[in-house]
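See below for the structure under consideration.
Below, chains carry the letters A, B, ... as their sequence lines are ordered, and counting in each starts from 1. All values derive from a computational prediction rather than experimental measurement. All values below come from the heavy atoms of this structure, side chains included, with hydrogens, waters and symmetry mates left out.
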2 protein chains.
Amino acid sequence: MRDQRYSTELCPRFQTAVELLGKRWTTLVLHVLLDGPARFGELSATLQVVSERMLSERLKELEEQKVVERRVIPGPPVRVEYRLTRKGEALGRVVRGLSKWAEEWVDPPALARSAAVRQRG
Amino acid sequence: MRDQRYSTELCPRFQTAVELLGKRWTTLVLHVLLDGPARFGELSATLQVVSERMLSERLKELEEQKVVERRVIPGPPVRVEYRLTRKGEALGRVVRGLSKWAEEWVDPPALARSAAVRQRG
DNA sequence: CGGGATCCGAAAGGATACTG
DNA sequence: CAGTATCCTTTCGGATCCCG
């Protein structure tokens with residue numbers, strides 16, 4: 001039965017998750033890190049649509065939430081590697097699920113366009 | 001191997017999915033609809049943190065993406081019911097996955113640091 | 001290389017009032 | 001009941017410059 005769970009407080013844990021994945025780029029960053037650890041520069045190069053400022057910000061948030069681990073490799077030049085924690089891998093599986101859903105249900109030509117979106121069988 | 005897939009174009013389908021779930025409240029709405037069809041007023045009452053304007057906007061987007069179906073029940077009073085489509089149920093399973101992740105990995109005390117729910121005063 | 005600090009326009013979203 | 005319209009504040013995020 002639907003109740004008041006979401007009234008003012010929501011399920012706090014779920015909300016934390018929502019706010020995390022809800023932020024722009026976060027899901028993309030996680031998706032890339034699913035392929036393995038990467039350095040800041042790599043991430044930045046791979047995710048060219050994401051500015052360095054945003055990338056930095058998102059990584060910091062993910063680190064605070066213990067979703068990614070930041071490892072400094074002494075230099076020079078200093079290198080910094082980011083990798084998913086166990087918690088992050090678990091979240092990554094959710095991201096994979098989203099990715100799968102997109103492959104299965106979102107058809108390429110339609111996208112955000114209006115027009116006729118063909119429904120699958 | 002990590003490549004340029006995300007350079008400027010990204011995987012378009014995945015990006016569509018990200019933009020959908022990424023919008024504030026969308027995930028919450030889907031989570032509620034997982035419990036079954038609901039009318040606008042019900043959704044609004046359940047999701048008290050979400051303004052009617054936002055709820056309306058998100059529902060319209062979800063409808064355009066064929067994630068939810070809008071059914072008008074003639075009145076008066078006119079009633080409008082929203083329910084997940086098959087596509088929506090599939091996406092809902094992703095949302096459930098996120099919910100599960102939150103239950104399993106997000107510890108309650110940590111939530112205070114994350115931007116709290118905007119209390120309406 | 002891997003960021004942080006600042007500025008500023010764009011966009012999201014809340015409050016309120018109104019409508020069919 | 002199920003939304004719209006309008007206004008106005010808050011936040012987001014891109015650009016740019018700087019630093020260890």
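Atom CG of Leu55(A) and atom C1' of dC12(D) are 16 Å apart (whole Å). dG13(C) atom P lies 14 Å from atom CG of Leu47(B), rounded to whole Å. A straight line from CZ of Arg71(A) to P of dG3(C) spans 15 Å, rounded to a whole angstrom. With rounding to whole Å, Glu57(A) atom CD is found 19 Å from dG2(C) atom P. Taking atom NZ on Lys23(A) and atom P on dG13(C), their separation rounds to 12 Å, with Å as the unit. In this structure, CD1 of Ile73(A) is placed 9 Å from P of dG2(C), rounded to the nearest angstrom. Rounding to whole angstrom units, CD of residue Glu19(A) and P of dG13(C) are separated by 12 Å. If you measure from atom CG of Leu59(B) to atom P of dA2(D), you get 11 Å, rounded to the nearest angstrom.
For Arg79(A) and dG2(C), the shortest distance from a side-chain N or O to OP1 or OP2 is not below 4.0 Å. A sub-4.0 Å separation between OP1 or OP2 of dC1(D) and a side-chain N or O of Tyr82(B) is absent. A sub-4.0 Å separation between OP1 or OP2 of dG3(D) and a side-chain N or O of Lys60(B) is absent. In this model, the phosphate group of dG4(C) is approached by a side-chain N or O of Ser56(A) to a distance below 4.0 Å at OP1 or OP2.
The side chain of Arg70(B) sits closest to dA2(D) out of dA2(D), dG4(C), dG13(C). Distance from the side chain of Arg58(A) is smallest to dG13(D) among dG2(C), dA2(D), dG13(D). Across dC12(D), dA2(D), dG3(C), the shortest atom-to-atom separation from the side chain of Phe40(B) is found for dA2(D).
Annotation: the terminal axes of the helix from dC1(C)-dG20(D) to dG20(C)-dC1(D) meet at 60°, where each axis is the rotation carrying the C1' atoms of four end pairs onto the next four (5 pairs per end, rounded to 10°).
By the neighbour-count criterion of 12 heavy atoms within 6.0 Å, atom NZ of Lys66(A) is sparsely surrounded, having that number or fewer from other residues, nucleotides or ligands.
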Table of protein N/O atoms under 3.5 Å from nucleotides 14-17 of chain D N/O atoms:
residue: dG14(D); atom: OP2; partner: Ser51(A); partner atom: OG; Å: 3.2
residue: dG14(D); atom: N7; partner: Arg53(A); partner atom: NE; Å: 3.4
residue: dG14(D); atom: N7; partner: Arg53(A); partner atom: NH2; Å: 3.2
residue: dG14(D); atom: O6; partner: Arg53(A); partner atom: NE; Å: 3.1
residue: dG14(D); atom: O6; partner: Arg53(A); partner atom: NH2; Å: 2.9
residue: dA15(D); atom: N6; partner: Arg53(A); partner atom: NE; Å: 3.3

Please list, for nucleotides 17-20 of chain C, all pairs of protein and nucleotide N/O atoms separated by less than 3.5 Å.
none

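Salt-bridge annotation for Lys23(B) and Glu19(B): absent, with no side-chain N of the basic residue lying under 4.0 Å from a carboxylate O of the acidic one. With salt bridges taken as basic N to acidic carboxylate O contacts below 4.0 Å, one links Arg83(B) and Glu81(B).
With values rounded to the nearest 0.5 angstrom, Glu42(B) atom CD is found 11.0 Å from Asp35(B) atom CG. Distance OG/Ser99(B) to CZ/Arg13(A): 9.5 Å, rounded to 0.5 Å.
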May I have the step-by-step check of salt bridge (charged side-chain N to carboxylate O under 4.0 Å, His left out) for Glu64(B) and Lys60(B), ending in yes or no?
CA-CA 6 Å; Glu64(B) 281 171 15; Lys60(B) 197 180 298 182; over 6 Å; no
Taking it one step at a time, do Glu89(A) and Arg86(A) satisfy salt bridge (charged side-chain N to carboxylate O under 4.0 Å, His left out)?
CA-CA 5 Å; Glu89(A) 285 173 6; Arg86(A) 281 265 251 296; 5.8 Å; no
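No side-chain donor-acceptor contact under 3.5 Å links Ser44(A) to the backbone of Phe40(A).
A 4.5 Å side-chain heavy-atom check between Val106(A) and Trp101(A) finds at least one atom pair inside the cut-off. Looking at Leu98(B) and Leu98(A), their side chains never come closer than 4.5 Å, going by heavy atoms from C-beta outward. Contact of the Leu84(A) side chain with the Leu91(A) side chain is not registered, since no non-hydrogen atoms from C-beta on lie closer than 4.5 Å. Between Tyr82(B) and Leu43(B) there is a side-chain heavy-atom pair separated by less than 4.5 Å.
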